[in-house]
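Every chain is numbered from 1, with letters handed out A, B, ... down the list of sequences. Keep in mind the model is a prediction, meaning the values are calculated, not measured.
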Amino acid sequence: MNVKVKDLFKKFENKIAVSGINFDIKENSTLGLLGPNGCGKTTTIGMILGLIKPSRGEIFIDGIDINKNDRIRLLEKINFASPYIELPKKLTVRQNLEIFARLYGVSDTENSIDQIANDLDLKKFINKKTGELSSGQKNRVSLAKSLINEPKLLLLDEPTASLDPDIGDFIRSYLEDYKRKKNVTILLASHNMSEVERLCDEVIMMKNGNLVDEGTCDQLIKKHGRSNLEETFLKIARGK
Amino acid sequence: MNFSKIYALSLRHIFLIKSSFPRLLDLLYWPTIQIFLWGFISKFFTLNSTYYNNTVGVILTAAILYDFLFRSSISYNMMFLEEIWSRNFTNLFISPIKISEIIAALTLTAIFRTLIGMVPASLIAIPLFGVSIFSIGPALIFLLISLYIFGVTLGLLVTAGLIRFGPSFENIAWASLFFLAPLGCIYYPVEILPQWLQLIANALPLVHLFEEMRNILINNTVSYLPIMKGFFISLVYFAFGIFIFYLAYFGARVRGTLINMGE
């Protein structure tokens with residue numbers, strides 16, 4: 001799936017959250033969405049998911065405007081994971097995955113769950129209640145939920161936030177491997193610059209609702225005369 | 001409508017009830033307590049009131065039917081609140097399920113939650129107080145359907161409020177039924193109310209349904225006209241509830257509250 005964002009603008013009462021941004025995500029590529037807290041990343045993701053109605057602008061997914069056409073049809077091929085939203089805690093991992101598999105119209109529910117549980121190493125705790133899991137386990141379950149429908153467009157909001165380096169690396173490796181095997185377009189919002197350098201083909205940088213820079217990681221590092229993406233991010237975020 | 005998706009959403013609540021004994025106990029406990037409380041009040045009134053002295057259990061039957069309405073509404077609200085409490089709200093609204101399918105799933109699942117509490121409570125009333133709501137006869141089915149539709153409507157309006165105002169609207173969920181109870185004329189005839197309140201009360205389905213319930217139990221005759229009136233008024237409110245729910249949903253998309261609603 002490809003995504004085309006045109007003149008996207010969102011104003012909440014008196015606050016401009018996203019200020020007329022334009023960007024494309026090419027099919028089967030990973031775009032990093034970077035920016036300091038409150039810069040409009042989550043609002044942008046919310047608008048791509050159709051959860052937030054833009055004040056102005058258009059979002060085309062495979063040429064279809066998500067706000068003007070059958071959003072449900074598009075959502076069958078899209079998914080989202082974020083550590084800030086959770087799955088019902090009182091349900092087991094398997095129950096949660098079964099519900100979402102059915103909601104996404106996955107045909108062979110049992111096999112799909114077994115497959116993804118195997119891939120993401122969930123088998124040891126698949127019959128445990130989700131609320132009883134560690135944050136690392138929860139993140140893997142959240143990722144499993146987001147992949148249950150084999151999405152063509154995957155939106156990830158800080159997928160490795162607050163994880164220890166081992167589990168963070170496991171998820172990054174899994175995403176790299178998953179992208180190689182499946183045709184998936186990824187939008188990754190992250191504050192982990194090494195993660196972005198590792199996973200993203202291109203990045204866009206937002207600040208105060210505006211898109212302030214874009215390019216590959218190497219291009220941005222070079223353009224701003226820094227040695228890595230973290231320093232580049234700090235330069236852009238601090239404006240010096 | 002996709003029934004597989006409706007089933008999936010219902011399954012989420014069935015799993016929850018099955019896996020949680022406290023939740024199951026909660027569903028059974030309150031209707032049973034109501035039966036005991038109103039059973040003894042009913043018994044006292046039956047022995048001491050000329051209005052009720054020929055009719056054992058008018059009050060208890062009214063209490064059971066009112067509790068059915070109450071449980072329908074609360075079940076609907078609770079299922080929606082569960083999504084907010086568990087921070088699953090965003091997952092639900094980004095999955096490919098239509099609003100109409102969410103409404104259908106909650107409406108259909110609420111009946112199970114309601115019946116889990118109401119069936120045992122209604123059966124307990126038979127040996128304990130000699131009162132059976134089944135003595136109403138076939139009209140009971142129409143009364144229950146009408147009450148259910150109205151209960152779900154109140155649930156819809158409250159959930160619309162939750163979408164519009166966020167979890168802080170939760171208290172209204174609990175208060176909504178108590179607010180309407182005095183106007184519903186559940187335990188007394190509508191003539192008790194002042195004239196101006198009677199006008200408002202008559203616009204609610206409850207008055208027609210509970211008046212007819214009393215008529216059936218006291219006079220032993222059935223008139224389907226008030227029941228149908230109650231049924232159609234309930235349907236009108238239900239359509240209004242759906243409209244308000246959609247309005248709240250589209251409003252929430254504009255305000256951006258669907259993406260971060262949680263505890």
Checklist outcome for this item: Closest non-hydrogen contact found for B:Y249 with A:R71 is OH-NH1, 3.1 Å

Checklist outcome for this item: So CG of B:N91 and CZ of A:F80: to nearest 0.5 Å the spacing works out to 8.5 Å

Next on the checklist: Quick check on the structure: residues of residues 146-156 of chain B within a heavy-atom distance below 4.5 Å of chain A, by number.
Outcome noted: none

Next on the checklist: Let's go through A:K89 and B:E82 carefully: what are the C-alpha distance in whole Å and the side-chain angles of both, what is the deciding distance for salt bridge (charged side-chain N to carboxylate O under 4.0 Å, His left out) to 0.1 Å, and is it a yes or a no?
Outcome noted: CA-CA 10 Å; A:K89 298 173 190 70; B:E82 292 277 8; over 6 Å; no

Checklist entry - What part of A:R73 gets closer than 4.5 Å to chain B, counting heavy atoms only: side chain, backbone, both or neither? => result neither

Next on the checklist: With a 4.5 angstrom heavy-atom cut-off, is it the side chain or the backbone of A:K145 that approaches chain B, or both, or neither?
Outcome noted: side chain

Item to check | For B:Y66, all residues meeting ring pair (Phe, Tyr, Trp, His ring centres under 6.0 Å), sequence neighbours excluded | outcome: none

Checklist entry - More than 12 non-hydrogen atoms from neighbouring residues, nucleotides or ligands closer than 6.0 Å to CG on B:L37, yes or no? => result yes

Next on the checklist: Just so I know, are the side chains of A:K10 and B:V254 near enough to count as touching, which here means a heavy-atom distance under 4.5 Å?
Outcome noted: yes

Checklist outcome for this item: The reported gap from CZ in B:F89 to CD1 in A:I85 (rounded to nearest 0.5 angstrom) is 11.5 Å

Checklist entry - Is A:T92 close to B:F15 at the side-chain level, that is, under 4.5 Å between some pair of heavy atoms? => result no

Item to check | N-O pairing of A:E98 and B:R12 below 4.0 Å | outcome: no

Next on the checklist: Under 4.5 Å from any heavy atom of chain B, what part of A:K129 do you find: side chain, backbone, both or neither?
Outcome noted: side chain

Checklist entry - To the nearest 0.5 Å, how far apart are CZ in B:R253 and NZ in A:K53? => result 6.5 Å

Next on the checklist: Is there a side-chain contact between A:I52 and B:L258 in this structure, where contact means two heavy atoms from C-beta onward sitting under 4.5 Å apart?
Outcome noted: no

Checklist entry - Between B:S20 and chain A, which part of the residue has a heavy atom less than 4.5 Å away: side chain, backbone, both or neither? => result neither

Next on the checklist: What part of B:F250 gets within 4.5 angstrom of chain A, counting heavy atoms only: side chain, backbone, both, or neither?
Outcome noted: neither

Checklist outcome for this item: Here the pair of heavy atoms bringing A:Y104 nearest to B:I94 is OH-O, 3.4 Å

Checklist outcome for this item: For A:L75 and B:S95, the nearest pair of non-hydrogen atoms, with its separation, is CD1-O, 3.9 Å

Item to check | Side chains of A:R102 and B:N2, donor plus acceptor under 3.5 Å | outcome: no

Next on the checklist: Show the nearest heavy-atom pair for residues A:P88 and B:S86, with the distance to one decimal.
Outcome noted: CA-CB, 3.9 Å

Item to check | B:F3 atom CZ, neighbour heavy-atom count above 12 within 6.0 Å | outcome: no

Next on the checklist: Less than 4.5 Å to any heavy atom of chain B: does that hold for the side chain of A:S55, its backbone, both, or neither?
Outcome noted: neither

Checklist entry - Measuring from B:N88:CG to A:L91:CG, what's the distance to the nearest 0.5 Å? => result 9.0 Å

Item to check | Nearest-0.5 Å distance, CG of residue B:L92 to CZ of residue A:F100 | outcome: 7.0 Å

Next on the checklist: Non-hydrogen contacts under 4.5 angstrom with chain A: give the residues of residues 97-108 of chain B involved, or none if there are none.
Outcome noted: B:I97, B:K98

Please tabulate, one pair per line, all N/O donor-acceptor pairs under 3.5 Å involving side-chain atoms of residues 110-122 of chain B, not counting sequence neighbours.
unit_1: B:T114; atom_1: OG1; unit_2: B:A110; atom_2: O; d: 2.6
unit_1: B:S122; atom_1: OG; unit_2: B:M118; atom_2: O; d: 2.7

Item to check | OG on B:S19 to NZ on A:K90, rounded to 0.5 Å | outcome: 8.5 Å

Checklist entry - Just wondering, more than 12 heavy atoms not from A:K207 lying within 6.0 Å of its NZ? => result yes

